[in-house]
Amino acid sequence: MKREVVIEGDVNDLAKLKEAMVGQDVVYANLGGSDIVRKTQNIIAAMDEMQVKRAIFINI
């Protein structure tokens, strides 16, 4: 049984973020570059809407 799903995408696309979170138990986000706060806020907003309660963030 495969437990992990790797998704590469645009953290600015809220619809795609929500789509990626369907059926997930935890979100792992490895973020860098500019606008870290906005990127993190987008992920958290998608998590809230999709009722994903756990996350692991690596922000540089």
Side-chain angles (χ1 to χ4, degrees):
M1 176 168 88
K2 186 172 181 179
R3 299 180 329 175
E4 298 84 17
V5 177
V6 176
I7 299 169
E8 292 184 38
D10 184 353
V11 74
N12 298 308
D13 187 340
L14 191 57
K16 290 289 184 182
L17 282 173
K18 292 191 295 186
E19 182 181 312
M21 292 183 193
V22 172
Q24 301 304 314
D25 295 320
V26 65
V27 171
Y28 170 83
N30 190 346
L31 303 174
S34 62
D35 297 326
I36 295 282
V37 172
R38 182 181 45 79
K39 292 175 183 178
T40 303
Q41 289 170 336
N42 287 346
I43 293 171
I44 292 171
M47 290 177 65
D48 285 344
E49 286 192 45
M50 301 309 294
Q51 299 180 341
V52 177
K53 302 296 182 195
R54 297 185 294 168
I56 301 167
F57 280 90
I58 305 297
N59 290 355
I60 297 174

Requested in this report: Evaluate side-chain contact (heavy atoms from CB on, under 4.5 Å) for Met47 paired with Val26, printing each intermediate quantity in order.
Outcome: CA-CA 9 Å; Met47 290 177 65; Val26 65; over 6 Å; no
Query raised in the report: What's the verdict on side-chain contact (heavy atoms from CB on, under 4.5 Å) for Asn59 and Thr40, showing C-alpha distance, side-chain angles and the deciding distance?
Result: CA-CA 9 Å; Asn59 290 355; Thr40 303; 3.2 Å; yes
Query - Lys39 side chain vs Gly33 backbone, donor-acceptor pair below 3.5 Å - result: no
Query - Verdict with supporting geometry, Val27 and Phe57, side-chain contact (heavy atoms from CB on, under 4.5 Å) - result: CA-CA 8 Å; Val27 171; Phe57 280 90; 5.5 Å; no
**Report entry** Single-linkage hydrophobic cluster, 4.5 Å side-chain cutoff, Val52 and Val22 together
**Finding:** yes
Report task. Supply the atom-to-atom distance Glu19 CD to Ile7 CD1, rounded to the nearest 0.5 angstrom. Result -> 8.5 Å
Query raised in the report: Does a side-chain heavy-atom distance below 4.5 Å link Leu31 with Ile43?
Result: yes
Report task. Mind running side-chain contact (heavy atoms from CB on, under 4.5 Å) on Glu49 and Leu14 for me, showing each step along the way? Result -> CA-CA 10 Å; Glu49 286 192 45; Leu14 191 57; 4.1 Å; yes
Report summary line: The reported gap from CD in Gln24 to CZ in Arg54 (rounded to nearest 0.5 angstrom) is 11.0 Å
Requested in this report: For Lys18 and Asp13, indicate whether the former's side chain and the latter's backbone hold a donor-acceptor pair under 3.5 Å.
Outcome: no
Query raised in the report: Could you state the interatomic distance from NZ (Lys16) to CG (Asp10), rounded to the nearest 0.5 Å?
Result: 10.5 Å
